[in-house]
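Report on one structure; see the data block that follows.
Quantities reported herein were computed from a predicted structural model and do not represent experimental measurements. Worth knowing before you read on, the calculation uses all heavy atoms, side chains too, and leaves out hydrogens, waters and symmetry mates. Throughout, numbering of the chain's residues begins at 1 and tracks the sequence.
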Amino acid sequence: IQTGTDRTIYVSWSWHKHAETEKYEYEWYYDTGSSLEWFHGESQSTKYMHTTYTPPENAKRVRFIVRPIAVTEEG
């Protein structure tokens, strides 16, 4: 939980092939605890290795997935 907030989650990650990576795509999911279903919260791409997310008040659990996107060479 990010300092000074009730529900905002801050994540950061590292990637050993940062020079070969153009950006990162990430997705947030949350679970309300009332079913076995995960709900899609937010997805975006970023050049930075950190992001924040504020889940809805009824969220009981949160899942975060990040994928590196390689630099493409034009030729």
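Within the 4.5 Å cutoff, the side chain of I9 has no heavy atoms near those of the Y30 side chain.
Ring geometry for Y29 against H40 counts as perpendicular: the plane angle is over 60°, on a 0 to 90° scale with 30° as the lower cut.
M49 and S14 get closest at one heavy-atom pair: SD-CA, 4.1 Å. Contact between W38 and V62 at its shortest, heavy atoms only, is CZ3-C, 3.9 Å. Considering every non-hydrogen atom in both W13 and Y48, the closest pair reads CZ2-O, 3.4 Å. Closest approach of T51 and Y26 over heavy atoms only: OG1-OH, 3.1 Å. Listed here is the closest heavy atom pair of T52 and E42: O-OE2, 4.2 Å. When every heavy atom of W15 is checked against every heavy atom of P68, the shortest pair comes out as CZ2-CG, 3.5 Å.
Using a 4.0 Å cut-off between charged side-chain N and carboxylate O, E27 and R67 make a salt bridge.
Under the 4.5 Å side-chain heavy-atom criterion for Ile, Leu, Val, Met, Phe, Trp and Tyr, I69 and Y24 are members of distinct hydrophobic clusters.
Atom-to-atom distance recorded for Y53:OH and T8:OG1 is 10.5 Å, nearest 0.5 angstrom.
Judged by distance alone, with hydrogens and angles left aside, the side-chain atoms of R7 form a donor-acceptor pair with the main-chain N or O of P55 at under 3.5 Å.
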